[in-house]
Chemist: 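Here it is, the structure, as structure tokens.
Chain naming here is simple, since letters A, B, ... match the order of the sequence lines and numbering starts at 1 in each.
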Amino acid sequence: MSNSEKPAPSNFIRSIIDADLALNTHEGRVHTRFPPEPNGYLHIGHAKSICLNFGIAQDYKGLCNLRFDDTNPYKENIEYVTAIKKDVQWLGFDWEDRLYFSSDYFQQLHDYAVALIKKGKAYVCDLSAEEIREYRGTLTEPGKASPHRDRSVKENLELFEQMRAGKFPDGSKVLRTKIDMASPNMNLRDSAIYRIRHGVVHHQTGEEWCIYPMYDFTHCLSDAIEGITHSLCTLEFEDHRPLYDWFLDTLETTHHPQQIEFSRLSLQYTVTSKRKLAQLVEEGHVHGWDDPRLPTLAGLRRRGYTPAALQTFCKRIGITKADNTVEMALLESCVREDLDKNAMRRMAVLHPLKVIIENYPEDKVELLDAANHPKDESRGLRKIPLSREIYIDTNDFREEASRKFKRLVAGGEVRLRNAYVIRCNEVIKNEQGDIIELRCSYDPETLGANPEGRKVKGVIHWVSAQHALPAEIRLYDRLFTHPTPDATKENKEFTAYLNPDSLHTLTHCYIESNLAEATPGDQFQFEREGYFCLDVGGLSEGKLVYNRTVGLRDSWAKIEQKS
RNA sequence: UGGCCCGUGGAGCAAUUGGUAGCUCACCAGAUUUUGAUUCUGGGUGUUCCUGGUUCGAGUCCAGGCGGGCCAGCCA
């Protein structure tokens, strides 16, 4: 693994594994699995689980399987299978030859169900879904037995076989466990394990089956079949663990994996729920699953987040059972850390303001040296053209300002990054009074040298007007205005908190000519602005589109905010 | 008058299993800087949810509270 500078910090799950290893539980093996349902795209919460499961396998010299939990053909789709595989790989993990589907085990699962019936531990129930709900009781009241609970093994066997043979319509019958209708744990009140689904084409098994097993039954047995030792899942499955164990104990499987639950990841100002992400996509609040504003792995990738940054993030957030909401700042610091080290430096002007250097010869062009990375000489130099007309950023000029503003002021001086010091002599405005152009002069003695007898503290970036490439730059802001849009006091639908300004498109930017060679996905630091990457779209229309991954830390913005 | 789980600075996690609270992010101050970036230095901003108890000693153990999360799909 290329990205594992430091090992993941220990956590309670690793402690359990250490103890298991010491006692030689699970024959001293460590075998985990990442079990996504292919009903949507992976998001950063899944990254936490992927890093946990694959990370543990790596560190303990064990194995980690990729297993699609595909027991609900109504919701699942091959498109998602493809996307999920791509995302796991991109994140930096390898399941080698261990790609599985729960549907691979449909026959075995069916046979286990038959075994359960034979043991008198499961029965076919004719109650409708609504009736089952009524019979189930409530959190504080016990349920009551289904009238079909005492069917004979023989009858159950026949009925179940007929279910499989397609003799009954959807919803007319279900196979249930026979455990305890009075259990305080609802999962133990004869939960359903097989339902009838006609007329759906399963992406893996086609029309071979018209009965599909449920999660609780499928998951533990799939784990057992694969010889998983530690089955890691999120907290909401805690109540399911007794059922997980019940199936394996009752069916006396050779392996009995250990289910361990940890808390999900919540990130401020976004949502990490597949259902809600799907809703944002479907209702058109964003432009697809890979919209750079989304915390999906596809979106983060397109935004310019790196696998290394996400891995670091997953290490830093840790693993516990406590509910938590991580600040966006932590994620951002992880990308900045990676990109500061690895991204090439370039210059780009986001809000162009034309500057004419009056004492610079009309037809002269100088090619100046600029470091690709100021702290890494091995990345070499590039040549950047300078000519009489350049663009600087509107925000880097003020007609007048306090001494704190160390950029260009009318009558003042500033250094052009990697070039000369210029002085602003004249401010040109249009009829509305907007500044449209600056007339400046440059000091030819200041290339790579400080001017005589005076200090120039400010440095601003620029591009040569005749050489620069026009580009579109997309700036992203938080998708929601509320830190926890799905859990607010007002109890409104989370979409009520969508940030209307989450996307700012700057259509008239100028980027340095060296960027002509960039290919989609390439990442750069646009000096003094932030980290950007070339978007995959746009090129077809002959447009250069850059996505801002994250801005540079901006202490000037803080100073300004205070005053 | 249900069951299970959780509770350490603003955030996320640690604390050799009973030895006097630490790390990262954020934040504040300063130094360096041809990126107001990076880097470096300094700063703790904590009643370890509360109240009792055991103990020489409790974030860790016990009891009782309080606060929060999850569970009544033929979803996963």
Chemist: Say we look at B/U54 and B/G3: how far apart would their P atoms be, to the nearest angstrom?
Modeler: 30 Å
Chemist: Among B/C25, B/G12, B/C28, which nucleotide has an atom closest to any side-chain atom of A/Asn324?
Modeler: B/G12
Chemist: Give a yes or no on whether a donor-acceptor pair under 3.5 Å exists between the nucleobase atoms of B/G10, that is its base, and the side chain of A/Glu327.
Modeler: yes
Chemist: Salt-bridged, A/Arg149 to A/Asp190, with N to O below 4.0 Å?
Modeler: yes
Chemist: Nearest of B/G36, B/C74, B/A76 to any side-chain atom of A/Arg528?
Modeler: B/G36
Chemist: Should A/Asp126 and A/Arg151 count as an ion pair when the cut-off is N to O under 4.0 Å?
Modeler: yes
Chemist: Identify whether any heavy atom of A/Ile460 sits under 4.0 Å from a base atom; if not, whether one sits that close to sugar-phosphate; answer base, sugar-phosphate or nothing.
Modeler: nothing
Chemist: A/Glu37 has a side chain; which of B/G36, B/C5, B/C75 sits nearest to it?
Modeler: B/C75
Chemist: Among B/C27, B/G12, B/C25, find the nucleotide with the atom closest to the side chain of A/Lys558.
Modeler: B/C27
Chemist: Consider the side chain of A/Val459, meaning its heavy atoms from C-beta on, and name the nucleotide among B/G36, B/C70, B/G69 that approaches it most closely.
Modeler: B/G36
Chemist: Output yes when A/Glu226 and A/Arg67 qualify as a salt bridge under the 4.0 Å nitrogen-oxygen rule, no when they do not.
Modeler: yes
Chemist: Taking atom types as they are modelled, would you say the side chain of A/Gln525 forms a donor-acceptor pair with the base of B/U35 within the 3.5 Å cutoff?
Modeler: yes
Chemist: Nucleotides 1-3 of chain B: which of its N/O atoms have a protein N/O under 3.5 Å away?
Modeler:
{"from": "B/G2", "atom 1": "N9", "to": "A/Leu139", "atom 2": "O", "distance (Å)": "3.3"}
{"from": "B/G2", "atom 1": "N2", "to": "A/Pro184", "atom 2": "O", "distance (Å)": "3.3"}
{"from": "B/G2", "atom 1": "N3", "to": "A/Leu139", "atom 2": "O", "distance (Å)": "3.1"}
{"from": "B/G3", "atom 1": "N2", "to": "A/Asp239", "atom 2": "OD1", "distance (Å)": "3.4"}
{"from": "B/G3", "atom 1": "N2", "to": "A/Asp239", "atom 2": "OD2", "distance (Å)": "2.7"}

Chemist: My understanding is that a pair needs two contacts under 3.5 Å, Watson-Crick or G-U wobble. By that rule, which nucleotide pairs with B/U41?
Modeler: B/A29
Chemist: If I take atom CG in residue A/Asp338 and atom C1' in nucleotide B/U24, what distance separates them, rounded to the nearest angstrom?
Modeler: 17 Å
Chemist: For the CZ atom on A/Arg14, are there more than 12 heavy atoms of other groups (residues, nucleotides or ligands in this structure) within a distance under 6.0 Å?
Modeler: yes
Chemist: With sugar-phosphate meaning primed atoms plus P, OP1 and OP2, does A/Met214 contact a base, only sugar-phosphate, or nothing at under 4.0 Å between heavy atoms?
Modeler: sugar-phosphate
Chemist: For the residue pair A/Phe494 and A/His482, is the inter-centroid distance of their aromatic rings smaller than 6.0 Å?
Modeler: no
Chemist: Figure out the CH2/C1' separation between A/Trp556 and B/U38, and round it to whole Å.
Modeler: 20 Å
Chemist: Between A/Ser10 and A/Glu130, which is nearer to the 5' end of RNA chain B once each is assigned its nearest nucleotide?
Modeler: A/Ser10
Chemist: Please report, rounded to the nearest Å, how far the P atom of B/A76 is from the NE2 atom of A/His219.
Modeler: 11 Å
Chemist: Is B/U17 in the syn or the anti form, by the rule that syn lies within 90° of 0?
Modeler: syn
Chemist: For B/G18, what is the paired nucleotide under Watson-Crick or G-U wobble rules, both distances under 3.5 Å?
Modeler: none
Chemist: Using whole Å, report how far CG of A/Asn187 lies from C1' of B/G73.
Modeler: 11 Å
Chemist: Between B/G68 atom P and A/Arg264 atom CZ, what is the distance in whole Å?
Modeler: 21 Å
Chemist: Below 4.0 angstrom, N of the basic side chain to O of the carboxylate: do A/Asp396 and A/Arg528 qualify?
Modeler: yes
Chemist: Please tell me which of the listed nucleotides, B/U35, B/A72, B/A14, lies nearest to the side chain of A/Asn11?
Modeler: B/A14
Chemist: Could you point out which residue of A/Arg379, A/Arg345, A/Arg346 forms a side-chain hydrogen bond (donor to acceptor under 3.5 Å, both in side chains) with A/Asn372?
Modeler: A/Arg346
Chemist: Which nucleotide sits closest to the side chain of A/Phe405: B/G36, B/A14, B/U35?
Modeler: B/G36
Chemist: Identify which nucleotide among B/A76, B/C5, B/G36 has an atom closest to any side-chain atom of A/Lys321, counting heavy atoms from C-beta outward.
Modeler: B/C5
Chemist: Taking the six-membered ring for Trp, is the centroid-to-centroid distance between A/Phe524 and A/Phe532 below 6.0 Å?
Modeler: no
Chemist: Whole-Å distance between B/C70 P and A/Leu188 CG?
Modeler: 21 Å
Chemist: Measure from NZ on A/Lys173 to P on B/C74 and round the result to the nearest Å.
Modeler: 17 Å
Chemist: Rounded to whole Å, how long is the line connecting atom CZ of A/Arg336 with atom P of B/G36?
Modeler: 15 Å
Chemist: Between A/Arg33 and A/Asp69, does at least one N-O distance fall below 4.0 Å, as a salt bridge requires?
Modeler: no
Chemist: So, under a plain 3.5 Å distance rule, would you say the side chain of A/Arg407 forms a donor-acceptor pair with the base of B/G36?
Modeler: yes
Chemist: Give me syn or anti for B/G52, where syn covers glycosidic angles within 90 degrees of 0.
Modeler: anti
Chemist: Among the candidates B/G12, B/A26, B/C75, find the nucleotide nearest to the side-chain atoms of A/Asn72.
Modeler: B/C75
Chemist: For the base of B/A76 and the side-chain ring of A/Tyr215, does the geometry meet a stacking cutoff of under 5.5 Å between centres and under 30° between planes?
Modeler: no
